[in-house]
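So you know, we letter chains A, B, ... as the sequences are listed, proteins then strands, and number each from 1. We use all heavy atoms of the structure for the numbers below, so side chains are in, but hydrogens, waters and symmetry mates are not.
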Amino acid sequence: MADEKELRYDPAVIEPKWQARWAAEPALYAAEPVTDKPKYYVLEMLPYPSGQLHMGHVRNYSIGDALARHMWMRGYNVLHPMGWDAFGLPAENAALKNNTPPREWTLANIAHMKRQMQRLGLGYDWATEVTTCLPDYYRWNQWFFLRMYEKGLVYRRKSKVNWCPECATVLANEQVIDGHCWRHEETLVEQRDLEQWFFRITAYADELLEGLDKLDGWPEKVRTMQRNWIGRSEGTEVDFTVEGTGEKIRVFTTRVDTIFGATSVQLAPEHAVTKAFAAADPSLKADVDAMIDEQKKAREAGDLGAIEKRGAATGRFAVNPYNGERVPIWVANYILSDYGTGAIMSVPGHDERDFEFATKYGLEIRRVIAPADADAEEPALPFVSEDGVLVNSGAYNGLTCAAAEQKLQQAAKAGGFGEATVTFRIKDWGVSRQRYWGTPIPMIHCERDGLVQVPDEQLPVVLPAQVEITQQGGSPLSRVPEFVNVTCPKCGGPARRETDTMDTFVDSSWYFYRYMDAKNASEPFSKAKARYWFPIDQYIGGVEHAILHLIYSRFWTRVMRDLGMIENSEPASRLFTQGMVIKDGAKMSKSKGNVVSPDDMVARYGADATRMYALFAAPPDRDLDWQEDGVAGVSRFLGRVWRLVAKYAARAREGRGQRTAQPAGLALKLLRKLHQTTAKITLDFEGRWHFNTCVAAIMELVNEIQGADAQLEAGEVAAEVLHELLRTLVLLLAPFAPFVAAELWEELGEEGAILRAAWPTSDAALAREDELEIPVQINGKLASVIRVATEAANGEIEAAALADEKVKARMEGKTLVKVIVVPKKTVNLVVK
RNA sequence: GCCCGGAUGGCGAAAUUGGCAGACGCAGCGGACUUAAAAUCCGCAGGCCGCAAGGCCGUGGGGGUUCAAGUCCCCCUCCGGGCACCA
């Protein structure tokens, strides 16, 4: 590299060179088998193979790769895998558009994106690659489905489901955002009644909620979102009896202590009792139909709250089981049939909404809760409080709300007209999809035997290759007779195969368990490996999966635990959600035309500069504003590193080995900066993750070394010092710019891969400054700066401050009132 | 409406515990090198006043606590995200 030409930093030369070397040496990035070594599992969310990496991916993977490389250098056994969330609708759309089979399209995209990742120098263990659309993976989806079916965690039922006309399939609740399809932001989701397969995620609702409290390595934001989504609500169900018919209306309430104040019962428009009443009353039916329509429209618009509250009296009455009182039954347009029991008791005295409704329709408003403090003035109604005592409530008068709730629940239970209960907002996970490109559901419909499981030995149920993809309703698989027509495994008679496929979120709910044992043909993964590798130490991805993928994964992990396959209850002990990549103030998107292609960046500035910029431009948890000039700046910086190392590499090599002499002068100054930088970066990797300032710190270090170039040229610094400086600099750079680090490592004459070199340690004694600059303030305003010994006593600092010329000048004619010395920080002179 | 973030130079940002606001980089300006340009290197650079020394102002706005506030407390504005008739 002595020759002039090679002094130029050219990523287009070195990056392909190392890319080829790494490809030829896959063991470099491979995890070791289960050992005594401490393990570190760092995982980035696997991408959907759309065909192109975008900057959000680059950012996500640059963070994960930096961490993985750092942990490798810290001596951990690191698992750092990558895979493909490869089922899903875009492949079918592409098939319609280009007449390419989904499988071909998907696999070609994967091949391309894998090359992009390799070009970026991301250190993945490709031997563990998982591709969810291949039978060796999705057979285990089927296997899990059957195990869950056996445990009653899978069931089939007809119900109201979300239907996206654009996708021509059903969506899970989690995939409906404000009434719109999560994939088609413009498309309103319709409600349809369909027979569907469900996973009983609600069986784990309580546990999923409680687990959040212990997930302190997860962002509070994500935990809050999940808590809201699960929406646990403790309350009481109580049966009111319809006068005349004796029919029961079960209401759900969180405030059974206010039940003596119930002055009406209100039904959802779609409640079964409503339907019965409406059938006998044409004018009521018209009202109810209008309300159903209203709710449907509001639901589709994603704003149920926008409906103006209204109701219709049914003319019927219901009896309160606690006091035998008869109250009118109403139908109201804000009561939802799918929450609680679809019926409520209305207590206008102690609930804002009920108060509003009762006022509108002239229903009775009654006080049944008084303030706990008997001397307090009677508050105006509605009085919404749980810190009161009951009044006008018969035998329960005088009890606190909490005590009354208990007694009332006991009475309901004893009287057989109700019980304490818990209601959740979360619903079971609808997993049926009427699409082709997904995991076939391994069930068979037999006329004689009903639902029959596909026997394990017949797995996988393979997706047929030749299928006509259309936009018409019904699964494309239902039009493949060879697929549909089977013999019943039980009776051997003719039977029909299930033609729905599974939601692709099934694939991503457990893929991270497969990596550690990706080739296992006899089980999803080995239990021993799971015990070693799980939970994931650090999971990294976008916050957009806070509810979808991350709640399904937590559910699935618990299911596997209860199947005896793993011992952990949570998939990941730490979660990091990186910010979005934006440009010109908006998230990058094709429609906004502000997309920056990673390929372009790599071609122009190299992978190192692109990745390092992604880490440098903002802290990883914040949004990042992409500015191409910034990438150019990072590229220039790498060029400076390159020239610096190249210039002194020969001399540094002469100084290989342990530095012995106690450094002084310039050597001390430079080594001090080096050890300070090492300490700072090491600390950041341990949790704070401000990689932007890590890069800045390396830049400062390089500035300092380069600033002494003339003295270095003059040989003022010993070869061993030069060696330590450059060698450590390259090590510090390695997690952020792996190509240039690898090249310079070799240039410095080091043997072996830099990834296997030990992360540098900081010598605290060397890093410590022996003199500090201390600002001197007068009345809190900066007056001067003094230099004192680091360990100077307060008295010395004070004396030095008072002796300072500038300070003296400012103190002229003033009286010193008080002196505050903060060691190593500041001196403040309070004067009058 | 409720819950989380956020607001700092022309721009991206930094300030780990309350202790020199603006590190690092971009853009800009000046200089060196060059026939010239690019590249590179050196330097300047929050605003206002000033030839300068220096002074005053300054972290969305208002108030407060403190010797000292970007940082803590109260109120408000704006931006981003999430939730929202949930009984």
Side-chain angles (χ1 to χ4, degrees), chain A residues 7-8 177-178 219-225 227-229 231-233 235 251-255 266 268 295 298 302-309 332-336 338-347 351-354 356-357 423-425 543-544 546-547 579-580 582 585 587 613 616-619 621-634 636-637 639-640 643 680 683-684 687-688 690 692-700 702-703 706-707 709 773-785 817-831:
Chain A
L7 281 173
R8 201 169 74 88
I177 317 284
D178 282 346
E220 191 51 49
K221 179 186 173 132
V222 172
R223 294 199 278 167
T224 304
M225 283 165 75
R227 277 191 197 103
N228 289 341
W229 185 259
R232 186 180 197 273
S233 180
V251 304
F252 173 71
T253 176
T254 54
R255 293 297 306 274
Q266 309 202 341
Q295 280 195 350
D303 195 3
L304 282 167
I307 307 181
E308 198 195 327
K309 291 173 192 45
N333 65 347
Y334 59 89
I335 308 297
L336 308 173
D338 58 356
Y339 182 78
T341 58
I344 65 159
M345 63 179 200
S346 181
V347 184
D351 180 278
E352 295 276 359
R353 193 187 49 193
D354 293 347
E356 200 187 313
F357 190 88
T423 291
F424 291 92
R425 204 183 86 100
V543 75
E544 64 273 17
I547 311 237
M580 288 186 301
I582 59 176
K587 187 178 178 176
Y613 175 74
F616 176 60
D621 55 335
R622 293 249 291 264
D623 287 351
L624 183 158
D625 188 81
W626 194 270
Q627 298 187 6
E628 188 171 333
D629 285 340
V631 190
V634 172
R636 274 199 292 273
F637 166 71
R640 290 171 59 209
R643 285 186 297 277
K680 187 250 180 303
L683 186 66
D684 257 304
R688 206 175 71 131
H690 281 197
N692 54 330
T693 61
C694 291
V695 175
I698 298 175
M699 287 172 170
E700 279 186 59
V702 170
N703 289 348
Q706 202 183 330
D709 189 52
E773 286 195 337
I774 304 272
V776 181
Q777 299 172 327
I778 294 178
N779 288 344
K781 284 187 127 181
L782 182 67
S784 184
V785 178
V817 181
K818 192 177 175 186
V819 179
I820 290 132
V821 178
V822 184
K824 298 182 189 175
K825 297 283 190 188
T826 190
V827 179
N828 194 4
L829 306 171
V830 185
V831 303

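- Of the P atoms belonging to B:A38 and B:A32, the separation is 14 Å, rounded to the nearest Å.
- Residue A:M345 contributes atom CE, which lies 21 Å from atom P of B:C85 at whole-angstrom precision.
- Under the Watson-Crick or G-U wobble criterion, with both distances below 3.5 Å, B:C72 is paired with B:G64.
- Atom C1' of B:G1 sits at a distance of 8 Å from the matching atom of B:A84, rounded to the whole Å.
- Annotation: ring-ring contact (aromatic ring centres under 6.0 Å, His included) contacts of A:Y334 (sequence neighbours excluded): A:F357.
- Looking at the side chain of A:R425, the nearest of the listed nucleotides B:U16, B:C83, B:C85 is B:C83.
- Side-chain atoms of A:N333 do not come within 3.5 Å of backbone N or O of A:Q295 as any donor-acceptor pair.
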Distances under 3.5 Å between nitrogen or oxygen atoms of protein and nucleotides 21-25 of chain B:
unit_1: B:A23; atom_1: O2'; unit_2: A:E700; atom_2: OE2; d: 3.0
unit_1: B:G25; atom_1: OP1; unit_2: A:N703; atom_2: ND2; d: 3.3

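- B:A15 and B:A21: their C1' atoms are spaced 7 Å apart (whole Å).
- Using a 4.0 Å heavy-atom criterion, one finds that A:L829 contacts no nucleic acid atom at all.
- Pairing for B:C41 is with B:G31, a Watson-Crick or G-U wobble pair whose two hydrogen-bonding atom distances lie under 3.5 Å.
- One interatomic measurement links the two molecules: CH2 of A:W229 to P of B:G82, which rounds to 13 Å at whole-angstrom precision.
- Across all strands shown, B:U77 pairs with B:A7; the Watson-Crick or G-U wobble distances both stay below 3.5 Å.
- Note on A:R8: every side-chain N or O is 4.0 Å or more away from OP1 and OP2 of B:U40.
- The CZ atom of A:R643 sits 11 Å away from the P atom of B:A39 (whole-angstrom rounding).
- Taking atom CZ on A:R255 and atom P on B:C86, their separation rounds to 14 Å, with Å as the unit.
- Within 4.0 Å of A:D623, counting heavy atoms only, lie sugar-phosphate atoms of the nucleic acid but no base atom.
- Proximity of a side-chain donor or acceptor of A:D354 to a complementary backbone N or O of A:S346 within less than 3.5 Å is not detected.
- Annotated as anti: B:G63, whose O4'-C1'-N torsion sits more than 90° from 0.
- Nucleotide B:C24 forms a Watson-Crick or G-U wobble pair with B:G12, both donor-acceptor distances falling under 3.5 Å.
- Between A:S233 and the phosphate of B:A87, there is a side-chain N or O to OP1/OP2 separation shorter than 4.0 Å.
- A:T826 places a side-chain N or O within 3.5 Å of a backbone atom of A:P775 that can act as its donor or acceptor partner.
- Without hydrogens or angle criteria, A:D623 side chain to A:G579 main chain gives no donor-acceptor distance under 3.5 Å.
- A donor-acceptor pair is defined here as one N or O able to donate and one able to accept, closer than 3.5 Å; such a pair exists between the side chain of A:N779 and the backbone of A:V831.
- In this structure, the CD1 atom of A:I547 is 13 Å from the C1' atom of B:C4, given to the nearest Å.
- Side chain of A:Y613 to main chain of A:A632: no donor-acceptor pair is present (N/O by atom type, distance under 3.5 Å, no hydrogens or angles).
- Atom pair A:Y334:OH and B:C86:P shows a separation of 10 Å (rounding to whole Å applied).
- The base-pairing partner of B:G46, taking Watson-Crick or G-U wobble contacts with both distances under 3.5 Å, is B:C57.
- Spacing between B:G9 and B:G46 at atom P, rounded to whole Å, works out to 13 Å.
- Using a 4.0 Å cut-off, no side-chain N or O of A:H690 falls inside it from OP1 or OP2 of B:A13.
- Going from the C1' atom of B:C85 to that of B:C2 covers 14 Å, rounded to whole Å.
- When both pairing distances are held under 3.5 Å, B:C85 makes no Watson-Crick or G-U pair with any nucleotide shown.
- Taking the P atoms as reference points, B:C75 lies 26 Å from B:G82, given to the whole Å.
- Between A:D684 and A:R232, the residue whose closest nucleotide on RNA chain B is further toward the 5' end is A:D684.
- Side-chain atoms of A:R640 and A:N703 include a donor-acceptor pair closer than 3.5 Å.
- Comment: A:E356 does not engage A:R353 in a salt bridge, judged by the lack of any side-chain N to carboxylate O separation of less than 4.0 angstrom.
- Taking atom P on both B:C74 and B:U65, the two are 15 Å apart, rounded to the nearest angstrom.
- Below the 3.5 angstrom threshold, one finds a donor paired with an acceptor across the side chain of A:K309 and the base of B:C85.
- Of the candidates B:G19, B:A87, B:C20, the closest approach to any side-chain atom of A:E773 belongs to B:C20.
- In this structure, A:P619 reaches the sugar-phosphate backbone alone: every heavy-atom distance under 4.0 Å involves primed, P, OP1 or OP2 atoms, never a base.
- For the C1' atoms, the distance from B:G10 to B:G28 is 9 Å, rounded to whole Å.
- Between A:I335 and the choices A:I344, A:T341, A:V251, the side-chain contact (heavy atoms from CB on, under 4.5 Å) rule is met once, by A:I344.
- Listed nucleotides: B:U16, B:A87, B:C56. Nearest to the side chain of A:T253: B:A87.
- Note on A:V822: a base of the nucleic acid sits closer than 4.0 angstrom, heavy atoms only.
- With B:C41, B:C86, B:A14 as the choices, the nucleotide that has an atom nearest any side-chain atom of A:R622 turns out to be B:A14.
- Toward the 5′ end of RNA chain B lies the nearest nucleotide of A:L624, the other residue of the pair A:N228 and A:L624 mapping further downstream.
- A straight line from CG of A:D625 to P of B:A7 spans 15 Å, rounded to a whole angstrom.
- In the set B:G12, B:U16, B:C85, B:C85 carries the atom at the smallest distance from any side-chain atom of A:N333.
- Rounded to an integer number of Å, the gap from NZ of A:K825 to P of B:A15 is 13 Å.
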